[in-house]
Amino acid sequence: MGDRNAGNYYPIMIDLTNKRCLVVGGGKIAERKIESLLASKADVVVISPALTERIADLAAAGKVAVLLRNYEAGDTKGAYLVIAASSDSFVNERVRDEALAADRLISVVDKPETGSFILPAAFTRGKLQVAVSTSGASPTLARDIVSGLKAKYGPEYEVYLDFLNEFRLKVRRLVNDAEHRQALAREIVRLDVLGRIRSGDFMRFRDDLFRKLEAETEAFGLEDWL
Ligand SMILES: C[C@@]1(CC(=O)O)C2=NC(=C\c3[nH]c(c(CCC(=O)O)c3CC(=O)O)Cc3[nH]c(c(CC(=O)O)c3CCC(=O)O)/C=C3\N/C(=C\2)[C@@H](CCC(=O)O)[C@]3(C)CC(=O)O)/[C@H]1CCC(=O)O
Ligand SMILES: NC(=O)c1ccc[n+]([C@@H]2O[C@H](COP(=O)([O-])OP(=O)(O)OC[C@H]3O[C@@H](n4cnc5c(N)ncnc54)[C@H](O)[C@@H]3O)[C@@H](O)[C@H]2O)c1
């Protein structure tokens, strides 16, 4: 494992909406990658002579396009991102070489260090996305860390992030002074908004706050709510 990436992977949030993503292989591992690609609204194409039941269901429902055959040279053409997830390491190597030659993003599930990216363990709460990677050293540890974080950052974070997003957009629209905007950005996360979401007191609080912000704008501060 001497050639494992030493931890200098570049973390990036990438928009895959309508991007063609090719998955070679239709087994358990491919299934997991397909599910996460679909969750990111990618346009998924699967090439594999056999499929798990779940992938076959996704194909029947029109959620993924499937070519029910072995990988052939040239298959990576037109793909923005490629995942080599077959059980045949020779095939995965060919997929990788072809993808790399055309500078496509490529992940190789059996020899991750030979590809150009790896996947983290991750979960979302609306706009909050938490992703953990051990640079491939221990996917199981990554998953354990994520399950701890999942318990800590519960479903209320979805509402919280939507609120923060709405607040930020309003502030950007209404408040011209950059320092004032920054002060509000710092203060808003110090308010116990999560407590209000949990206690059911949130909607009234939100409406009051936004009403005041719209009315007072440049003079608006959050001291009264702290
Ligand atoms: C996090 C997660 C996300 C996902 O897959 O979407 C993920 N692996 C998960 C689970 C998992 N994977 C494995 C086990 C069995 C126990 C074990 O062996 O440890 C379990 C546990 C289980 O399944 O319970 C085996 C395994 N994994 C890799 C290899 C090949 C190798 O290392 O050479 C082998 C050996 C295969 C073999 O020898 O047969 C490689 C990779 N797995 C990665 C991601 C990337 C690095 C992540 C990081 O940086 O930490 C990387 C590098 C490539 C990649 O796939 O991008 C997902 C958790 C999903 C969740 O949250 O539930
Ligand atoms: N990255 C990870 O998280 C991780 C975890 C465990 C295992 N693995 C590795 O991932 C690989 C796949 O594991 P799996 O459990 O999904 O295996 P699997 O046997 O369930 O599935 C393999 C799939 O590859 C397809 N396939 C075989 N030859 C092909 C070809 N020429 N062209 C296209 N598709 C072809 C098969 O039809 C099948 O659908 C294994 O090599 C395993 O070592 C990776």
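One-based numbering, in listed order, for ligands and for the atoms of each.
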*What do you reckon, does Asp110 put a non-hydrogen atom under 4.0 Å from ligand 1?*
yes

Extract all N/O-N/O pairs under 3.5 Å that connect ligand 2 to the protein, and present each with both atom names and the distance rounded to 0.1 Å.
| from | atom 1 | to | atom 2 | distance (Å) |
| --- | --- | --- | --- | --- |
| ligand 2 | 1 (N) | Val109 | O | 3.4 |
| ligand 2 | 3 (O) | Arg32 | NH2 | 2.9 |
| ligand 2 | 16 (O) | Lys28 | N | 3.1 |
| ligand 2 | 16 (O) | Ile29 | N | 2.9 |
| ligand 2 | 24 (O) | Ser87 | N | 3.3 |
| ligand 2 | 31 (N) | Asn70 | OD1 | 3.3 |
| ligand 2 | 32 (N) | Tyr71 | N | 3.0 |
| ligand 2 | 37 (O) | Ser48 | OG | 3.1 |
| ligand 2 | 37 (O) | Ala50 | N | 3.4 |
| ligand 2 | 39 (O) | Gly26 | N | 3.0 |
| ligand 2 | 39 (O) | Gly27 | N | 3.2 |
| ligand 2 | 39 (O) | Ser48 | OG | 3.2 |
| ligand 2 | 39 (O) | Ala50 | O | 3.0 |

_Under-4.0 Å heavy-atom contact with ligand 1, by part of Ala122 that carries it_ = neither

*Looking only at non-hydrogen atoms, find the nearest pair between Val23 and Ala85 and report the distance.*
CG1-CB, 4.4 Å

*With heavy atoms of Ala142 as the reference, note each atom of ligand 1 found under 4.0 Å away.*
50 (O)

*Mark yes when over 12 heavy atoms from residues, nucleotides or ligands other than Glu53 sit less than 6.0 Å from its CD; otherwise mark no.*
no

*Of the backbone atoms (N, CA, C, O) and the side-chain heavy atoms from C-beta on, which set of Pro139 has a member under 4.0 Å from an atom of ligand 1: side chain, backbone, both, or neither?*
both

*Using a 4.0 Å heavy-atom threshold (strictly under), name the region of Ala121 that reaches ligand 1: side chain, backbone, both or neither.*
both

*Hey, is the main chain of Asn176 close enough, under 3.5 Å, to the side chain of Glu218 for a donor-acceptor pair?*
yes

*Below 4.0 angstrom, N of the basic side chain to O of the carboxylate: do Asp75 and Arg69 qualify?*
yes

*Would you tell me which option among Glu35, Arg32, Arg143 has the nearest heavy-atom contact to atom 8 (N) of ligand 1?*
Arg32

*Taking heavy atoms and a distance under 4.0 Å, where does Ser135 meet ligand 1: side chain, backbone, both or neither?*
backbone

*Answer yes if the ring centres of Phe163 and Phe210 are under 6.0 angstrom apart, and no otherwise.*
yes

*Pick out which of Arg54, Lys63, Lys28 makes a salt bridge (charged side-chain N to carboxylate O under 4.0 Å, His left out) with Glu35.*
Arg54

_N-O pairing of Glu98 and Lys77 below 4.0 Å_ = no

*Under 3.5 Å, N or O to N or O, is Gly136 touching ligand 1 that way?*
yes

_Donor-acceptor side-chain pairing of Asp43 and Asn18 below 3.5 angstrom_ = no

*Examine the side chains of Asp15 and Thr17 and answer whether a donor and an acceptor come within less than 3.5 Å of each other.*
yes

*Is any NZ, NE, NH1 or NH2 atom of the basic residue among Glu158 and Arg125 found under 4.0 Å from an Asp or Glu carboxylate oxygen of the other?*
no

*Going by heavy-atom distance to atom 29 (C) of ligand 1, choose the closest among Asp144, Val109, Val146, Ile118.*
Val109

*Do the two ring centres, one from Phe117 and one from Tyr10, sit under 6.0 Å apart?*
no

_Test of proximity, Glu113 against ligand 1: N or O pairs below 3.5 Å_ = no

*asked:* On a heavy-atom basis, which atom in Ile118 and which in Pro112 lie closest, and how many Å separate them?
replied: CG2-CB, 3.8 Å

*asked:* Check for me whether Lys33 has a heavy atom closer than 4.0 Å to any atom of ligand 1.
replied: yes

_Please state which option from Ile83, Thr134, Val132, Leu119 has its nearest heavy atom closest to atom 47 (C) of ligand 1._
Leu119

